[in-house]
Amino acid sequence: MGKGDAVVVGGGLAGTLAAGALLGHVDTVTLVERDRYPDRPAFRKGVPQGRHLHVFLSGGRRALEELFPGLNGELEAAGAHRLEAPRDVITKGGNGWQRRFHEGRHATTSCTRALFDATVRARVLAEAEGSGTRVEVLQGTEAVGLLGGADRVTGVRVRARDAGRAERELPADLVIDASGRGSRAPKWLAELGAPAPREEVVDAGIGYCTQEFRPAEPLDMVMVIQPRPDCPRGAAWSPVEGGTWLLTLGGVRGHHPPTESSEVPGFVKSLGEPALYEHLLTCEPVSPPYGFRDTSNRRRHYDAPGGVPEGFLAVSDAACTFNPIYGQGMAVAALSGLALRRCLAEGACGPVSRPRRSAPWPGRATPPG
Ligand SMILES: Cc1cc2nc3c(=O)[nH]c(=O)nc-3n(C[C@H](O)[C@H](O)[C@H](O)COP(=O)(O)OP(=O)(O)OC[C@H]3O[C@@H](n4cnc5c(N)ncnc54)[C@H](O)[C@@H]3O)c2cc1C
């Protein structure tokens with residue numbers, strides 16, 4: 001008997017890592033991605049948050065290393081910065097600046113989101129060779145619905161973006177939704193007669209803005225200024241590849257940061273931290289400031305008993321989107337990939353191709369982890 005076929009909807013970070021986790025456990029993985037990937041690491045529309053600072057936390061680094069040994073090193077070789085907190089990252093909270101010392105346990109990665117995703121994608125596709133799993137990437141292809149019924153999902157309906165409205169069907173034993181914060185899977189499941197998951201939203205009303213700078217003389221530390229009751233505004237200043245740094249500003253309702261370049265220094269000055277403000281004045285802006293406002297926490301309760309048909313799984317932002325101030329969504333994507341691979345390795349799901357009566361993880365639609 002074959003091992004089965006999987007379709008992953010969304011070729012962002014979570015989808016790529018889910019495809020990587022499936023290697024060796026299924027016969028084929030079809031990765032369906034709405035965008036066309038750029039030739040070199042670059043911003044793309046399908047990941048609109050990709051212009052903002054994306055720091056990869058230590059739990060994510062550990063999960064990534066377990067999934068693909070050496071990948072953190074490949075990121076650093078490509079220009080990402082390995083930062084140890086609190087030695088290289090100083091944080092100002094309600095009680096002032098945290099002490100700076102070498103603790104040695106919590107390394108983080110700082111680079112552009114574009115570099116991160118491109119490096120992970122290249123590694124996963126390289127690992128596919130000789131893995132026993134054939135991986136096909138359908139770029140410029142949008143998933144528009146699911147196949148199957150209320151009890152079992154049996155594939156995905158897709159449409160090439162440059163082929164008018166013509167649709168085709170991709171049958172699959174397992175469909176993984178990794179289409180991110182804008183996932184339409186709840187609607188697609190409802191179309192099959194399955195219950196759409198209950199959605200829980202907690203919106204702190206935070207607005208973001210990010211601008212890229214080239215410092216004349218870079219600082220030897222990352223600065224994080226957290227919002228506090230008397231100043232519900234904050235900032236993070238962190239290096240990315242190529243000698244530039246990202247300034248990400250945030251503020252809750254009524255304190256949203258500006259998206260006009262000329263207003264950025266004034267916002268930074270209002271944080272009451274002269275060290276960052278004065279340093280910024282010596283740096284050359286190399287991008288306009290980009291805003292981002294859709295920052296709510298959103299959990300889709302696929303974990304409710306009987307919540308999803310068999311053969312369907314939602315991972316990462318498609319299942320649970322976090323307020324970006326936590327900086328943990330990418331780490332969750334890596335941990336989801338690891339949990340998926342562990343479940344497959346332990347046989348917790350059985351062969352993907354064998355119809356099962358119960359959900360792959362008892363009572364869950366998302367892998368534990
Ligand atoms: C402003 C901001 C800052 C953030 N900062 C951090 C941070 O510092 N650290 C951190 O860990 N996390 C951060 N995050 C969270 C992080 O961006 C997400 O958690 C992460 O991108 C989730 O990855 P994903 O693959 O699930 O979704 P995405 O990265 O959004 O990828 C989804 C993919 O699916 C594709 N797609 C969508 N619909 C379809 C369809 N119908 N058919 C085919 N393809 C489709 C898209 O084109 C895209 O490629 C931040 C988020 C925001 C908004």
Side-chain angles (χ1 to χ4, degrees), residues 6 8 10-26 29 31 33 35 37-44 46-47 49-50 52-85 88-89 104-137 139 176 178 180 222 238-242 246 315-317 327-345 367 369:
V8 179
L13 182 62
T16 307
L17 289 171
L22 288 165
L23 295 178
H25 295 286
V26 290
V29 175
L31 191 59
E33 171 51 47
D35 279 352
Y37 295 122
D39 296 337
R40 287 177 293 124
F43 173 79
R44 61 185 177 87
V47 187
Q49 71 275 29
H52 298 271
L53 179 61
H54 271 75
V55 169
F56 191 47
L57 298 181
S58 56
R61 277 180 65 101
R62 284 193 287 273
L64 192 68
E65 201 61 28
E66 192 172 336
L67 276 169
F68 300 109
L71 186 44
N72 288 305
E74 287 174 33
L75 281 158
E76 284 147 32
H81 296 259
R82 179 184 194 277
L83 305 164
E84 289 214 7
D88 309 321
V89 182
R105 277 191 304 165
H106 295 294
T108 57
T109 304
S110 180
C111 64
T112 63
R113 182 62 199 270
L115 179 71
F116 199 95
D117 286 11
T119 309
V120 171
R121 191 165 59 245
R123 173 69 184 267
V124 169
L125 294 179
E127 294 270 336
E129 300 293 323
S131 68
T133 298
R134 190 168 61 78
V135 176
E136 186 181 7
V137 184
Q139 299 186 48
I176 298 184
V222 167
S238 189
V240 293
E241 68 277 10
L246 292 183
V315 293
S316 199
D317 274 22
Q328 66 184 32
M330 295 163 71
V332 169
L335 286 160
S336 298
L338 188 57
L340 175 61
R341 195 177 70 181
R342 280 185 186 153
C343 286
L344 290 162

### Query
Quick one: are Leu17 and Val120 in side-chain contact, heavy atoms under 4.5 Å?
yes
### Query
Any donor-acceptor pair under 3.5 Å linking the side chain of His81 with the backbone of Val240?
yes
### Task
Taking the side chain as every heavy atom from C-beta outward, state whether Leu64 and Leu75 have any atom pair closer than 4.5 Å.
yes
### Message
Quick check: do Leu246 and His54 have side-chain heavy atoms less than 4.5 Å from each other?
### Response
no
### Closest non-hydrogen atom pair, Glu65 against Gly70
OE2-N, 2.5 Å
## Note on the structure
CZ (Arg341) and NE2 (His25) are apart, to the nearest 0.5 Å, by 7.0 Å
### Task
Enter the distance from Glu33:CD to Thr16:OG1 here, rounded to the nearest 0.5 Å.
8.0 Å
### Task
Please answer whether the main-chain N or O of Val26 pairs with a side-chain N or O of Thr133 as donor and acceptor at a distance below 3.5 Å.
yes
### Query
When you check the side-chain N and O atoms of Thr109 and Arg61, is any donor under 3.5 Å from an acceptor?
yes
### Query
Rounded to the nearest 0.5 Å, how far apart are OH of Tyr37 and CZ of Arg121?
5.0 Å
### Message
Please give me the minimum heavy-atom distance between Thr108 and Ser58, naming the atom from each residue.
### Response
CG2-N, 4.3 Å
### Query
How about Pro41 and Asp117: do any of their side-chain heavy atoms sit closer than 4.5 Å?
no
#### Entry: Basic-acidic side-chain contact under 4.0 Å: Glu127, Arg123
yes
### Message
So, taking the atom named CG in Asp317 and the one named OG in Ser336, what distance separates them when rounded to the nearest 0.5 Å?
### Response
9.5 Å
### Query
Would you say the side-chain atoms of Ser238 pair up with the backbone N or O of Val222, donor to acceptor, closer than 3.5 Å?
no
### Query
What heavy-atom pair brings Ser110 and Leu53 nearest, and what distance separates the two atoms?
OG-CD1, 4.1 Å
### Query
To the nearest 0.5 Å, what is the distance between CZ (Arg113) and CZ (Phe56)?
10.0 Å
### Query
Can Val55 and Leu83 be said to form a side chain to side chain contact (heavy atoms under 4.5 Å, CB included), step by step?
CA-CA 10 Å; Val55 169; Leu83 305 164; 5.8 Å; no
### Message
When you compare the side chain of Leu23 with that of Val135, does any pair of heavy atoms fall below 4.5 Å?
### Response
yes
### Summary
Closest non-hydrogen contact found for Ala14 with Val315 is CB-CG2, 4.3 Å
#### Entry: Arg44 and Pro38, any side-chain heavy atoms less than 4.5 Å apart
yes
### Summary
Between Val8 and Ala178, the two heavy atoms sitting closest are CG1-CB, 4.2 Å
### Task
Supply the atom-to-atom distance Thr119 OG1 to Glu74 CD, rounded to the nearest 0.5 angstrom.
8.0 Å
### Query
Between Gly46 and Asp35, which heavy-atom pair has the shortest distance, and what is it?
N-OD2, 2.7 Å
